[in-house]
Undergrad: 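Next up is a structure, given as structure tokens.
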There are 2 protein chains.
Amino acid sequence: MHPELKIQPLRYVLAIVDEGGFHAAARHLHRTQPALSMAVRELEQRLGEPLFEKGGKATLTPFGAYCLPRFRELVTQHDRVSRDLVARVEKRAGHIDMAAVPSVASRLMPRLLSDFIQRYPDLRVSLHDGNADFVGRMVAGGEVDLGISSLWQADAELDFYPLMRDAIGVVCREDHRFADRQALSWQELQGEVLIRNGTSRLLSGTGAEPLLAQSAFDISNMISLNAMLEAGIGITTLPRLAFPEECARLRFVPLSEPYVERQIGLICRVDVSLSPAAAAMRQHLVEHLGEQTREADKPS
Amino acid sequence: MHPELKIQPLRYVLAIVDEGGFHAAARHLHRTQPALSMAVRELEQRLGEPLFEKGGKATLTPFGAYCLPRFRELVTQHDRVSRDLVARVEKRAGHIDMAAVPSVASRLMPRLLSDFIQRYPDLRVSLHDGNADFVGRMVAGGEVDLGISSLWQADAELDFYPLMRDAIGVVCREDHRFADRQALSWQELQGEVLIRNGTSRLLSGTGAEPLLAQSAFDISNMISLNAMLEAGIGITTLPRLAFPEECARLRFVPLSEPYVERQIGLICRVDVSLSPAAAAMRQHLVEHLGEQTREADKPS
DNA sequence: TAAAATGATAAGGTCTTCTTATCACCCTGC
DNA sequence: GCAGGGTGATAAGAAGACCTTATCATTTTA
């Protein structure tokens with residue numbers, strides 16, 4: 001029906017008009033003059049009507065004059081699209097977007113990222129943090145290449161590669177009666193002032209749930225939580241990784257019976273390829289975290 | 001800098017997405033499936049990032065999803081331009097736009113056009129009429145392919161091919177004293193009521209000019225002019241071709257001393273190619289009018 | 001009138017882009 | 001479990017697009 005115009009010959013025509021001749025255009029395009037002659041002839045017979053006058057000079061026919069602005073428009077849009085796409089590729093090529101839960105982001109990532117950019121000095125990383133739900137949504141929505149989080153629920157859209165296990169324990173002040181215990185069972189927590197926090201839902205479905213249900217506080221902000229614990233207002237449960245080690249007056253006591261842990265792992269979209277940079281990051285994370293499973297607290 | 005995207009592969013990508021697979025798209029495009037595979041691979045490495053997921057199925061990568069609307073936009077515009085251009089070619093291919101002075105348009109063109117469309121039944125002709133100035137402007141402005149007119153002034157933009165000569169004469173009613181004369185000289189017109197008309201300026205620069213300068217009327221409309229002549233109000237001068245032969249009561253008497261004629265010819269833009277159809281028309285006109293020069297009235 | 005510059009053309013090489021034939025894989029149904 | 005029909009990927013070869021060098025025919029310039 002309608003012919004398939006290639007962009008190149010259109011560009012030639014524009015150059016011939018703009019430069020005022022085949023030779024000048026050829027020089028400008030780093031091509032030889034016959035190349036333009038032939039390309040133009042090809043285009044002309046594809047359109048069914050000449051674009052340039054036959055008489056020696058590079059003058060447009062009326063039809064050619066009619067075509068020119070359309071050619072220019074088409075070439076311009078082509079270049080705009082092309083430039084936009086490579087810009088996106090190049091921007092994303094050296095860039096990794098990640099999301100992680102705060103404990104991982106603040107405890108593990110600094111050293112991991114520092115090692116990573118030492119290995120790949122040209123890559124850039126953006127790290128967002130938020131709760132497990134947030135991380136999951138970021139990955140699922142494609143806003144982020146990789147996520148590091150605990151598995152909060154199965155999702156057919158997401159792949160989960162377990163990296164490490166993180167045992168839940170009790171956090172209390174150094175002068176608390178639990179402070180020097182090596183382990184605790186849930187029953188012993190009866191009667192304590194238990195503060196819920198963002199990680200408490202990890203315990204839902206375990207024997208610890210009823211205990212948490214009667215807790216008086218629910219503090220999601222870690223700074224506030226630390227302050228309350230240091231003030232001796234109560235105790236809380238946290239995964240060991242989330243335990244604020246910089247607070248010298250707090251102690252972490254692993255729990256058992258039942259033993260509860262969270263599984264921390266790498267999340268990415270299933271059936272969606274990673275950029276080379278993101279794949280390198282995943283590789284790096286698996287290498288550095290894969291073996292190191294926090295099972296120290298697990299009862300033998 | 002930015003890669004040269006060809007339209008074809010973009011079209012392939014769209015088809016693969018729309019048809020839901022390489023095979024279906026290949027069938028739809030009348031290509032084989034490997035052709036699409038390879039074209040897509042080529043495009044991918046030109047962009048520097050894959051468009052489809054590797055895993056067997058024809059699923060877009062996030063980058064591919066980003067590209068898709070831009071591809072579609074570009075292909076759509078390409079098709080719009082392509083379709084528009086060939087439509088114009090096809091419309092103009094079988095179409096000739098002409099302009100002629102009224103005498104030619106009404107006296108010569110009917111038979112010429114009738115012969116012409118008999119020779120080329122597929123071609124269509126538009127004929128505009130107006131004075132010589134109008135015809136010249138139509139041709140020069142490219143609004144018309146060919147013009148038939150007297151040469152009113154040299155114009156470097158226009159080519160003039162003389163076709164026929166048309167002698168100026170006096171037109172009067174059958175009962176006028178000039179009516180049965182075989183010839184007249186300008187001097188004999190002294191004292192007559194002379195009506196100027198649109199063709200009178202053909203006489204400027206000749207000995208007849210002073211006579212016309214003192215004329216009382218200037219009638220540009222041929223119908224009005226005929227009415228005045230038939231009413232016996234006066235006489236006028238006209239080229240023979242413009243003499244209204246359908247008016248039985250009017251007579252045409254050639255003038256001499258000085259003999260004045262207008263040169264009627266074909267006008268087209270210099271250095272601008274004619275469409276094949278217009279070239280055929282020019283050929284036809286030259287064949288049918290070229291020999292037939294109205295010299296019968298010229299004094300021997 | 002000689003020289004330079006224009007665009008057109010011819011022959012040849014290289015790269016692109018198809019084709020056919022085949023592979024490796026996944027899913028389905030018996 | 002294991003054919004059979006589906007997917008897309010790959011290899012080898014033919015056809016064509018595209019560019020180059022070399023040359024021609026005109027026109028313009030000096």
Side-chain angles (χ1 to χ4, degrees), chain A residues 3-47 49-61 63-64 68 75 78 82 156 159 270-273, chain B residues 3-47 49-61 63-64 68 75 78 82 156 159 270-273:
Chain A
E4 188 78 22
L5 306 178
K6 293 181 205 117
I7 298 295
Q8 190 94 326
L10 305 190
R11 214 184 283 281
Y12 288 177
V13 171
L14 297 184
I16 291 166
V17 172
D18 291 344
E19 304 290 319
F22 284 62
H23 280 87
R27 230 170 295 123
H28 187 254
L29 293 165
H30 309 292
R31 292 271 133 52
T32 56
Q33 166 264 317
L36 305 201
S37 277
M38 299 193 320
V40 166
R41 182 161 38 130
E42 222 279 315
L43 177 59
E44 283 175 338
Q45 64 196 39
R46 189 169 295 212
L47 288 172
E49 196 155 316
L51 295 163
F52 290 96
E53 296 295 346
K54 305 289 112 173
K57 283 284 156 235
T59 323
L60 286 170
T61 60
F63 177 65
L68 199 66
V75 168
H78 166 279
S82 169
D159 264 342
V270 67
D271 287 341
V272 165
S273 64
Chain B
E4 188 79 21
L5 307 178
K6 293 182 204 117
I7 299 296
Q8 190 93 327
L10 307 190
R11 212 184 285 282
Y12 289 177
V13 171
L14 297 184
I16 291 166
V17 172
D18 291 344
E19 304 291 320
F22 284 61
H23 281 86
R27 231 170 295 121
H28 187 254
L29 293 165
H30 309 294
R31 291 279 130 70
T32 54
Q33 167 264 318
L36 304 203
S37 277
M38 292 168 44
V40 166
R41 184 165 34 135
E42 221 280 316
L43 177 58
E44 283 175 337
Q45 64 195 41
R46 190 169 297 212
L47 288 172
E49 197 154 317
L51 296 164
F52 290 97
E53 296 295 347
K54 307 287 113 172
K57 286 282 158 238
T59 321
L60 285 171
T61 60
F63 178 66
L68 199 68
V75 169
H78 166 277
S82 169
D159 264 342
V270 66
D271 287 340
V272 165
S273 64

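In what follows, chains are A, B, ... by sequence order, proteins preceding strands, each numbered from 1.
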Undergrad: Using whole Å, report how far CD of E53(A) lies from P of dT26(D).
TA: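 E53(A) atom CD is separated from dT26(D) atom P by 19 Å.
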
Undergrad: Atom CZ of R41(A) and atom P of dA8(C): how far apart are they, to the nearest Å?
TA: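 About 8 Å, once rounded to whole Å.
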
Undergrad: To the nearest Å, how far apart are F22(B) CZ and dA9(D) C1'?
TA: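 One finds 9 Å between C1' of dA9(D) and CZ of F22(B), rounded.
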
Undergrad: Test salt bridge (charged side-chain N to carboxylate O under 4.0 Å, His left out) on K6(A) and E4(B); report intermediate values, then the result.
TA: CA-CA 10 Å; K6(A) 293 181 205 117; E4(B) 188 79 21; over 6 Å; no

Undergrad: With sequence neighbours excluded, what pairs up with S82(A) under the side chain to side chain donor-acceptor pair (under 3.5 Å) test?
TA: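 If we apply the side chain to side chain donor-acceptor pair (under 3.5 Å) test to S82(A), skipping adjacent residues, the hits are H2(B).
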
Undergrad: In whole angstrom, what separates L29(B)'s CG from dT17(C)'s P?
TA: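 Result: 15 Å.
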
Undergrad: Got a list of side-chain donor-acceptor pairs under 3.5 Å for residues 13-33 of chain A, not counting sequence neighbours?
TA:
from: D18(A); atom 1: OD1; to: R72(A); atom 2: NH2; distance (Å): 3.1
from: D18(A); atom 1: OD2; to: R72(A); atom 2: NH1; distance (Å): 3.2
from: Q33(A); atom 1: NE2; to: S37(A); atom 2: OG; distance (Å): 3.1

Undergrad: Check the pair F52(B), T59(B) against side-chain contact (heavy atoms from CB on, under 4.5 Å), reporting the backbone distance first and the verdict last.
TA: CA-CA 5 Å; F52(B) 290 97; T59(B) 321; 6.0 Å; no

Undergrad: In whole Å, I'd like the distance from the CZ atom of R31(B) to the C1' atom of dT16(C).
TA: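 That distance rounds to 14 Å.
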
Undergrad: For DNA chain D, which residues in residues 32-39 of chain A have a heavy atom at a distance below 4.0 Å?
TA: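 Close to the strand are T32(A), P34(A), A35(A), M38(A).
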
Undergrad: Residues two or more places apart in sequence or in another chain: which of them pass side chain to side chain donor-acceptor pair (under 3.5 Å) with Q45(B)?
TA: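 With neighbours one apart ignored, the set is empty.
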
Undergrad: Go through the structure and list residues passing side chain to side chain donor-acceptor pair (under 3.5 Å) with E42(A), not counting sequence neighbours.
TA: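 In terms of side chain to side chain donor-acceptor pair (under 3.5 Å), with neighbours along the sequence ignored, E42(A) is linked to R46(A).
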
Undergrad: Rounded to the Å, how far apart are H30(A) NE2 and dT21(D) P?
TA: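 Rounded to whole Å, this separation is 15 Å.
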
Undergrad: When you measure from every atom of DNA chain D, which of residues 5-18 of chain A have a heavy atom less than 4.0 Å away?
TA: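 Those residues whose heavy atoms fall under 4.0 Å from DNA chain D, taken from residues 5-18 of chain A in numerical order, are K6(A), Q8(A), Y12(A).
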
Undergrad: It should be established whether H23(B) places a side-chain nitrogen or oxygen under 4.0 Å from OP1 or OP2 of nucleotide dG6(D).
TA: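 Negative; the distance criterion is not met.
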
Undergrad: Whole Å only: how far is the CZ atom of F52(B) from the C1' atom of dT7(D)?
TA: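 My rounded result for the distance is 14 Å.
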
